[in-house]
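Chain naming here is simple, since letters A, B, ... match the order of the sequence lines and numbering starts at 1 in each. Predicted model only: the values in this text are computed from it and were never measured. Below, all heavy atoms of this structure are taken into account, side chains as well, without hydrogens, waters or symmetry copies.
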Amino acid sequence: MLNSVAPEVKSPEGLHADALLAWYDRHRRRLPWRALPGEKPDPYRVWLSEIMLQQTTVKTVGPYFQAFLTRWPTVDAMAESDEEDILKAWAGLGYYSRARNLHACARFVSARLDGRFPDTVEGLRQLPGIGAYTAAAVAAIAFDRRAAVVDGNVERVVTRLEALETPLPQAKPRIAEIVDGMTPADRPGDFAQGMMDLGATICTPKRPACGLCPYLPFCRARREGTQETFPRKAPKARRPLRRGAAFWIVRPDGWVLVRKRPDKGLLGGMTEIPSSVWSEDFDSGTAVNYAPLKAKWRKLPGEVSHGFTHFELAVSVYAADALLSTKAPADCRWVRLDELDGEALPTVMRKIVALARGS
DNA sequence: CACTCGTGGCC
DNA sequence: TGGCCAAGAGT
């Protein structure tokens with residue numbers, strides 16, 4: 001009789017998983033990409049959401065996810081699109097290599113894998129834009145594979161649970177080891193999502209709600225009253241200020257000159273208002289040397305400020321009028337003013353447009 | 001391993 | 001206001 005079998009002796013990690021899953025069953029967030037209890041998750045939606053959520057908040061991703069899903073309901077539909085359309089739809093979301101990898105991944109899965117995502121960590125890991133975290137997350141959430149899912153939330157939860165003194169990113173291998181030990185064979189996807197929900201709603205960076213935490217009895221940092229000091233982190237380099245110039249060129253019929261940026265590097269593949277290099281020692285006296293064509297430039301009042309991850313940017317905007325007959329220089333093209341909104345313009349470029357149009 | 005790569009929100 | 005943070009990946 002099965003009933004006569006001795007009950008499984010649970011490790012402390014197993015108890016952790018039970019406490020977490022019970023909490024998740026009561027408090028799970030309802031998210032657009034998340035299957036309801038008992039529903040089978042759609043790997044395409046799981047993958048799409050995971051790519052968008054890389055370093056991006058749930059709130060920001062929401063409308064983008066809905067728009068993408070409506071326009072490209074399946075991986076095959078996305079594979080049939082042009083990269084340019086993906087970039088336009090991604091504009092404003094940031095980290096634009098994600099969009100290019102998204103498109104490349106869709107094409108690979110559609111053409112080479114018959115439209116089906118790999119159902120293992122190793123298979124997923126080979127795809128463009130999918131690293132250690134996303135491979136584990138998709139395997140666990142979409143295919144119920146036991147995989148150690150470690151994102152920023154999980155790092156915070158685990159370093160607090162264990163009061164881990166090793167700073168990030170040095171502690172990453174140890175954290176992955178601990179999470180692997182905690183992850184149950186049963187419901188690994190719910191466990192992963194539960195850990196992330198816990199980090200997002202209870203075990204928050206500041207003022208964690210320890211009183212509501214299912215891990216309260218197990219948490220070493222809380223016991224020592226040091227929970228807010230974890231995770232330890234290596235000090236960050238502070239961001240330098242770079243300067244540059246952008247060139248707003250308008251034809252008499254109201255069309256403006258735009259340019260496609262190189263595929264690699266900052267804002268790769270996106271559309272720009274033709275701009276100079278951005279550098280710490282930028283010489284504003286020679287700014288117009290960077291203009292895409294010769295013209296009578298007037299410097300517009302004010303400047304555009306924009307923060308990137310590793311530097312702060314200040315851009316001066318120069319405006320000029322072009323003849324109707326002016327040909328677009330290399331990599332440039334003319335665009336109607338009222339069609340600028342639909343372009344693959346990153347946020348910093350939209351700020352430049354706003355300044356120019358307001359002048 | 002250290003660096004590059006966006007953006008918006010929060011206190 | 002400025003630093004920090006968010007379901008990291010690629011090189």
message: C/dA9, OP1 or OP2 - any side-chain N/O from A/T134 closer than 4.0 Å?
response: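 Answer yes for this pair, as a side-chain N or O of A/T134 is under 4.0 Å from OP1 or OP2.
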Quick one: which residue pairs count as a side-chain hydrogen bond (donor to acceptor under 3.5 Å, both in side chains) with a foot in [range], not counting sequence neighbours?
| range | value |
| --- | --- |
| residues 313-328 of chain A | none |
| residues 63-77 of chain A | A/D76-A/S110 |
| residues 167-179 of chain A | A/E155-A/K172, A/R174-A/E177 |
| residues 231-254 of chain A | A/E165-A/R232, A/T229-A/R232, A/R239-A/E312, A/R243-A/E303, A/R251-A/D253 |

Whichever of A/N153 and A/R239 has its nearest DNA chain C nucleotide further upstream toward 5': A/R239
- prompt: Does the pair A/R259/A/D331 count as a salt bridge with the N-to-O cut at 4.0 Å?
  reply: no
- prompt: Can you list every pair that meets salt bridge (charged side-chain N to carboxylate O under 4.0 Å, His left out) and has a residue in residues 104-117 of chain A, with sequence neighbours left out?
  reply: A/D114-A/R116
field: Any donor-acceptor N/O pair under 3.5 Å between C/dA6 base and A/R156 side chain
entry: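 By the distance-only test, no, there is no pair.
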statement: A/L93 atom CG is separated from C/dA6 atom P, nearest whole Å, by 17 Å
field: 5' to 3' contact window, DNA chain B with chain A (heavy-atom distance under 4.0 Å)
entry: B/dT4 to B/dG8
message: What residues from residues 96-104 of chain A pass a heavy-atom cutoff of under 4.0 Å to DNA chain C?
response: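 The stretch gives A/N101 as the residues lying under 4.0 Å from the strand, ordered by number.
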Qualifying residues under ring-ring contact (aromatic ring centres under 6.0 Å, His included), relative to A/W33, sequence neighbours excluded: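 A/F65.
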message: My understanding is that only residues two or more places apart in sequence, or in another chain, count here; which of them pass ring-ring contact (aromatic ring centres under 6.0 Å, His included) with A/F108?
response: none
task: Describe the nucleic acid contact of A/S49 in one word from base, sugar-phosphate, nothing, applying a heavy-atom distance below 4.0 Å.
output: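 No contact.
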Identify all side-chain donor-acceptor contacts of residues 351-359 of chain A below 3.5 Å with residues at least two apart in sequence or on another chain.
from	atom 1	to	atom 2	distance (Å)
A/K351	NZ	A/S305	O	3.1
A/K351	NZ	A/H306	ND1	2.9
A/S359	OG	A/L355	O	3.1

query: Under the side chain to side chain donor-acceptor pair (under 3.5 Å) test, which residues partner A/E80, sequence neighbours left out?
result: none
message: Give the residues of residues 300-310 of chain A touching DNA chain B, defined as any heavy atom closer than 4.0 Å, sorted by residue number.
response: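 Contacts with DNA chain B under 4.0 Å: A/H306, A/G307, A/F308, A/T309, A/H310.
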